[in-house]
Student: 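Below you will find the structure I want to go over with you.
Here is how names work: the chains are called A, B, and so on, in the same order as the sequence lines, proteins then strands, and each is numbered from 1. When reading the values below, keep in mind they use all heavy atoms of this one structure, side chains included, and skip hydrogens, waters and symmetry mates.
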Number of protein chains: 2
Amino acid sequence: MTEPRWLDEDEKAAWIAFLSATNLVNRRLEQQLKDDAGLSHTQYEVLVQLNAAPDGSLRMTELADRLVTSKSGLTYQITQLERAGLVGRRSCPSDVRGVFAEITDEGRAVLRSAAPGHVEAVRQSLIDVLTPEQLTHIAAGLGEVSRRLRAEPRCPSQSTQTAPATQ
Amino acid sequence: MTEPRWLDEDEKAAWIAFLSATNLVNRRLEQQLKDDAGLSHTQYEVLVQLNAAPDGSLRMTELADRLVTSKSGLTYQITQLERAGLVGRRSCPSDVRGVFAEITDEGRAVLRSAAPGHVEAVRQSLIDVLTPEQLTHIAAGLGEVSRRLRAEPRCPSQSTQTAPATQ
DNA sequence: GTCATTTGGTTCAAATTGGAACGAAGCCAG
DNA sequence: CTGGCTTCGTTCCAATTTGAACCAAATGAC
């Protein structure tokens, strides 16, 4: 095998910044939400997704995909939230196996009260730190990163060429 | 309290991209390292830090700070790595309480063999997806984000004015 | 020197996470 | 219809993570 393409100075700087920024931001938000609303970031995101869904509910698998978490992890968190009365489970009429997670009124209320503090923390730790230019570049760059990683479940050799429907 | 400053469309796009990109990239690297080298990302980072340190060793607290992890979490991981023979513990001559984590020759060897695959994964999932322009903006923006979060252990009121030297 | 405070690291318990295994259903070719 | 394969969600288990409690030692004020 050939010598790997190591990262040059700029690339390394970007990677290190990415790594530490993500860890630090996550840690900060986790702490803020726990302190101010008694929610983990995962739980908060569950509420956000359900609240934004047309009828306040989503299938378990769909929700797990959106949160980028494992199915078993989601099962656990939904159980916790259910216990807390913030979401409920409904079965799916068209598929007996299916389960909808559905946000409750109390869930919406908790979300509503947690949101301002959360948004403020997001601003302080990330958004307001960036220049408008950096913001747009990050949105575009990381948006593309997300799109690719979501599309590519497993393709080691497929270079950066978009790849037409791997079959 | 006044109406919070909600995120506008661009800000929301950046935030969502940031959130999902970080989750997806983390998941991808975690999986690649586990599959190809039997290491967790945390463990890999421990080896990277120690390997780069002048004498192959760092104090526990210093290392925990660099990895953005808790002290107890680091204690656990160092124990694991020690068990695997990749690092060792040395006591600190100038401070009886202090402990140095030190990478072993085998640790360096494992790191050397894991690095190419890891770098390739970092390229595929992040670096090579970005344009050079996006790369520099991300390095600068997220670098600043890291710097601020590291500097500010707890200052709710300190508005975004603090740092004049944004560039 | 002496006491109070901080610091360094570990230990402990509780929460979370992810993968593998599972049972129940859907789906489809033949 | 029927066997074979995939999908859905849960359960189970092992690994990891974190904060709190702790002990010992360093530091600082007097």
Side-chain angles (χ1 to χ4, degrees), chain A residues 22-24 26-35 37-46 50 57-84 87-102 153-154 167, chain B residues 22-24 26-35 37-46 57-84 87-102 153-154:
Chain A
T22 58
N23 282 332
L24 288 163
N26 279 337
R27 175 180 282 282
R28 186 98 172 74
L29 294 184
E30 203 69 59
Q31 169 200 304
Q32 183 272 324
L33 279 170
K34 188 62 78 185
D35 290 349
L39 294 171
S40 69
H41 192 203
T42 311
Q43 293 172 335
Y44 182 86
E45 283 303 315
V46 167
L50 294 181
S57 71
L58 287 170
R59 288 286 291 270
M60 294 295 281
T61 298
E62 168 68 11
L63 190 48
D65 284 346
R66 296 198 191 190
L67 299 187
V68 191
T69 190
S70 64
K71 289 189 302 177
S72 53
L74 180 62
T75 293
Y76 173 79
Q77 283 299 350
I78 291 296
T79 303
Q80 296 306 104
L81 288 168
E82 197 172 24
R83 205 169 282 170
V87 310
R89 278 178 161 95
R90 272 192 310 111
S91 55
C92 173
S94 66
D95 186 338
V96 188
R97 302 165 304 172
V99 172
F100 280 101
E102 180 177 35
R154 194 161 305 282
Q167 294 128 348
Chain B
T22 57
N23 282 331
L24 289 163
N26 279 338
R27 175 182 282 282
R28 184 99 174 74
L29 294 183
E30 203 70 60
Q31 169 201 304
Q32 182 272 324
L33 279 170
K34 188 63 77 184
D35 290 349
L39 294 172
S40 69
H41 192 203
T42 311
Q43 293 172 336
Y44 182 86
E45 283 303 316
V46 168
S57 71
L58 287 171
R59 287 287 291 270
M60 295 295 282
T61 298
E62 168 68 11
L63 190 47
D65 283 346
R66 295 197 191 190
L67 301 187
V68 191
T69 190
S70 64
K71 288 188 303 175
S72 53
L74 180 62
T75 293
Y76 173 78
Q77 283 299 353
I78 291 296
T79 302
Q80 295 306 104
L81 288 168
E82 196 171 25
R83 205 169 282 170
V87 310
R89 279 178 160 95
R90 273 195 308 112
S91 56
C92 173
S94 66
D95 186 338
V96 187
R97 302 166 305 171
V99 172
F100 280 102
E102 180 176 35
R154 194 161 305 282

Student: Counting only side-chain N and O atoms of B:S72, is one of them less than 4.0 Å from OP1 or OP2 of C:dC12?
Tutor: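 For C:dC12, OP1/OP2 do not have a side-chain N/O of B:S72 under 4.0 Å.
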
Student: Hey, is the side chain of A:R89 poking within less than 4.0 Å of OP1 or OP2 on D:dG9, counting only N and O atoms?
Tutor: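 It does not, given that no N or O in the side chain of A:R89 lies less than 4.0 Å from OP1 or OP2 of D:dG9.
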
Student: When we call it a touch if two heavy atoms are under 4.0 Å apart, what does B:S40 touch: a base, just sugar-phosphate, or nothing?
Tutor: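 Here B:S40 touches no strand at all.
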
Student: When you check the phosphate oxygens OP1 and OP2 of D:dT16, does a side-chain N or O of B:Q80 lie under 4.0 Å from one of them?
Tutor: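 For D:dT16, OP1/OP2 do have a side-chain N/O of B:Q80 under 4.0 Å.
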
Student: Which sits closer to the 5' end of DNA chain C, A:S94 or A:T42, going by the nucleotide each is nearest to?
Tutor: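 The 5'-side residue here is A:T42.
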
Student: Is A:Q77 close enough to C:dT17 that one of its side-chain N or O atoms is under 4.0 Å from OP1 or OP2 there?
Tutor: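 Answer is yes, contact under 4.0 Å.
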
Student: When we call it a touch if two heavy atoms are under 4.0 Å apart, what does B:T69 touch: a base, just sugar-phosphate, or nothing?
Tutor: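 Since only primed, P, OP1 and OP2 atoms lie under 4.0 Å of B:T69, the category is sugar-phosphate.
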
Student: What does A:T61 touch in the nucleic acid at a heavy-atom separation under 4.0 angstrom: a base, only the sugar-phosphate, or nothing?
Tutor: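 Sugar-phosphate contact only - A:T61 comes under 4.0 Å of backbone atoms but never of a base.
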
Student: Of the nucleotides C:dT10, C:dT17, C:dA25, which has the atom closest to the A:V96 side chain?
Tutor: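 Minimum distance to the A:V96 side chain belongs to C:dA25.
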
Student: Would you say B:R97 reaches C:dT10's phosphate, i.e. side-chain N/O to OP1/OP2 under 4.0 Å?
Tutor: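 No, outside the criterion.
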
Student: Please determine if a side-chain N or O atom of B:R59 lies less than 4.0 Å away from the OP1 or OP2 oxygen of C:dG9.
Tutor: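 For C:dG9, OP1 or OP2 has a side-chain N or O of B:R59 closer than 4.0 Å.
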
Student: Hey, which sits more toward the 5' end of DNA chain C by its nearest nucleotide, A:Y76 or A:D95?
Tutor: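 Result: A:Y76.
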
Student: Ignoring hydrogens and geometry beyond distance, is a side-chain donor-acceptor pair present between B:Q43 and B:Q77 at under 3.5 Å?
Tutor: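 Yes - a donor-acceptor pair under 3.5 Å links their side chains.
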
Student: Checking all strands, does B:G73 fall into the base, sugar-phosphate, or nothing category for heavy-atom contacts under 4.0 angstrom?
Tutor: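 The answer is base, as B:G73 lies within the cut-off (heavy atoms under 4.0 Å) of a base atom.
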
